[in-house]
Amino acid sequence: MAEEEDDAGFEDDVDDGGNGADGGHGKRKRLFSKELRCMMYGFGDDQNPYTESVDILEDLVIEFITEMTHKAMSIGRQGRVQVEDIVFLIRKDPRKFARVKDLLTMNEELKRARKAFDEANYGS
């Protein structure tokens with residue numbers, strides 16, 4: 001019973017802080033929890049990983065995306081993020097660069113396949 005009271009008090013202390021790692025937004029909606037859980041499982045974690053682990057990983061992902069977006073906005077056309085800017089930023093990381101190239105190539109192939117499918121079905 002005393003242990004439950006301590007846990008409840010701890011949660012209140014954490015929630016009232018307001019200036020934590022999540023930027024002062026209190027409890028915010030987790031954007032990538034489901035996907036990260038699946039990825040963690042795919043890379044060898046438990047099927048139901050600890051929520052804290054998922055939250056930490058999500059904080060890192062959001063921080064990475066935010067930093068890359070800010071950097072991409074500062075190069076090229078100011079205030080706009082373009083694919084070329086992202087490619088420029090990751091050009092020195094061979095693994096990320098190769099993955100982005102693969103994804104961009106696959107995206108182009110899918111666009112061509114959709115276009116061919118639409119033309120075959122609906123005639124142009």
Pair up each side-chain donor or acceptor in residues 41-50 with any protein partner under 3.5 Å, not counting sequence neighbours, and list the distances.
{"residue": "Asp46", "atom": "OD2", "partner": "Asn48", "partner atom": "N", "Å": "3.2"}

Next item on the list: For residues 31-41, pull every pair meeting salt bridge (Lys or Arg N to Asp or Glu O under 4.0 Å), keeping only residues two or more places apart or in separate chains.
Entry: none
Item checked: Under 3.5 Å donor-acceptor, Glu58 side chain and Leu36 backbone -> no
Margin query: So Phe32 and Ile62, do their side chains get closer than 4.5 Å, heavy atoms only?
Written below: yes
Check: Should Val54 and Arg30 count as side-chain neighbours, where that means a heavy-atom distance under 4.5 Å?
Finding: no
What side-chain donor-acceptor pairs closer than 3.5 Å can you find for residues 98-114, not counting sequence neighbours?
{"residue": "Thr105", "atom": "OG1", "partner": "Lys101", "partner atom": "O", "Å": "2.8"}

Notebook entry, point to check: Going from CE on Met40 to CG on Leu57, what distance comes out if it is rounded to the nearest 0.5 angstrom?
Noted result: 6.0 Å
Show which side-chain atoms of residues 69-88 pair as donor or acceptor with protein atoms under 3.5 Å away, not counting sequence neighbours.
{"residue": "Thr69", "atom": "OG1", "partner": "Ile65", "partner atom": "O", "Å": "2.7"}
{"residue": "Ser74", "atom": "OG", "partner": "Lys71", "partner atom": "O", "Å": "2.7"}
{"residue": "Gln78", "atom": "NE2", "partner": "Ser74", "partner atom": "O", "Å": "2.9"}
{"residue": "Asp85", "atom": "OD2", "partner": "Gln82", "partner atom": "N", "Å": "3.3"}

Item checked: Contacts of Lys96 that satisfy salt bridge (charged side-chain N to carboxylate O under 4.0 Å, His left out) - sequence neighbours left out -> Asp93
